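Excluded from the calculations below are hydrogen atoms, water molecules and symmetry mates; all remaining heavy atoms, backbone and side chain alike, are included. Just so you know, ligand 1 is whichever comes first in the structure, and atom 1 is the first atom listed for that ligand. The structure presented is a predicted model; accordingly, all values stated were derived computationally and were not measured.
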Amino acid sequence: MKQILVVEDDAQIATIVRDYLHAAGFGVEVAADGEVALEKARARRPDLVVLDLGLPGRDGLDVLRELRRASPVPVIVVTARGEETDRIVGLELGADDYVTKPFSPRELTARVRALFRRLEAREAPDERIRVGDLEIDVPRMHVTVDGRSVELTPSEFRVLLTLAKEPGRVFTRGQLLDTLHGVAFESYERAIDAHVKNIRRKIEPDEGPPRYVQTVYGVGYRFAEGGP
Ligand code: CA
C-alpha cells in the first residue's frame with residue numbers, strides 16, 4: 001500500500017483528506033506542522049507528500065526545501081487561491097504538482113493517482129511518444145503530426161519533449177528555460193513564450209484551443225494528458 005504524508009494544520013481539512021485517501025486505498029499519516037512533517041518524512045519514508053504551504057511556525061516552502069534536500073519523494077503542494085508566487089516557487093523548488101484551496105478531496109485523490117501514474121511512466125524508456133496525431137521519435141529528434149513531418153529548432157524540440165515526457169505536469173517558464181541550458185543562450189522567460197508560440201504554429205490544429213501544449217495561467221505550460 002502506498003503511504004502518503006499529509007501536512008495540514010487545519011484539523012478538519014486533514015481529517016477529510018485522510019479519510020478520502022484511505023478510502024481510495026492509500027495509507028495516510030498526518031502532520032500538523034513542518035517540524036513534525038520533516039520528522040515523519042525521515043522516519044516513515046512516505047511514497048508521496050501532500051504539503052500545505054500555509055503552515056504555522058516553519059514556512060511551507062522551507063519545509064519543501066528541506067524535504068527535497070533529504071529525498072526525491074514526490075510532493076504535491078497546496079496553496080491558497082491567488083498565491084501564484086508560492087505556486088511557481090513551489091514548482092521550481094521541485095514540487096511535482098499543486099492544488100489550490102479550496103479543493104475537493106476527490107480532486108486531490110485524482111491528482112495523487114495521476115502523479116503516481118506519471119512517476120511510473122517516467123521510469124519506462126520512451127523512444128517514441130504518441131498523443132493524438134502527434135508523434136515524437138526521441139532518438140531521431142523527429143516530430144510528425146498526422147504523418148506530416150514538422151521542422152522544429154533544437155530549442156523548440158527540447159521544450160516540446162520536456163513537456164510531452166510528463167503529460168499533465170505543469171512546468172514554469174523558469175523550469176523550461178533550464179531545459180534549454182546548453183542548447184541556446186537565452187536568459188529570458190519570455191523566450192519560452194516565443195518557443196511555445198512557434199511550436200504551436202507547427203503542431204497545433206489551425207482552429208480552436210491548443211490540443212497539445214496547454215497554457216496554465218499565471219504558472220506556465222503543460223502537455224495534454226492522455227489521448228483524445
Ligand atoms: Ca494551512
Asp9 vs Arg58, test: salt bridge (Lys or Arg N to Asp or Glu O under 4.0 Å). Steps then yes/no.
CA-CA 12 Å; Asp9 58 301; Arg58 193 159 180 174; over 6 Å; no
Can you name the N, O or S atom of Asp9 that is closest to the Ca ion (ligand 1)?
OD1
For the residue pair Glu135 and Thr144, confirm or rule out a side-chain donor-acceptor distance under 3.5 Å.
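On atom types as modelled, these side chains do not qualify, holding no pair under 3.5 Å.
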Whether [X] has an N, O or S atom under 3.0 Å from the Ca ion (ligand 1):
X: Glu8; answer: no
X: Asp52; answer: yes
X: Pro56; answer: no

Check this for me: Lys202, atom NZ, are more than 12 non-hydrogen atoms of other residues, nucleotides or ligands nearer than 6.0 Å?
yes
Side chains of Glu84 and Arg87: does their closest heavy-atom pair fall under 4.5 Å?
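Glu84 reaches Arg87 side chain to side chain.
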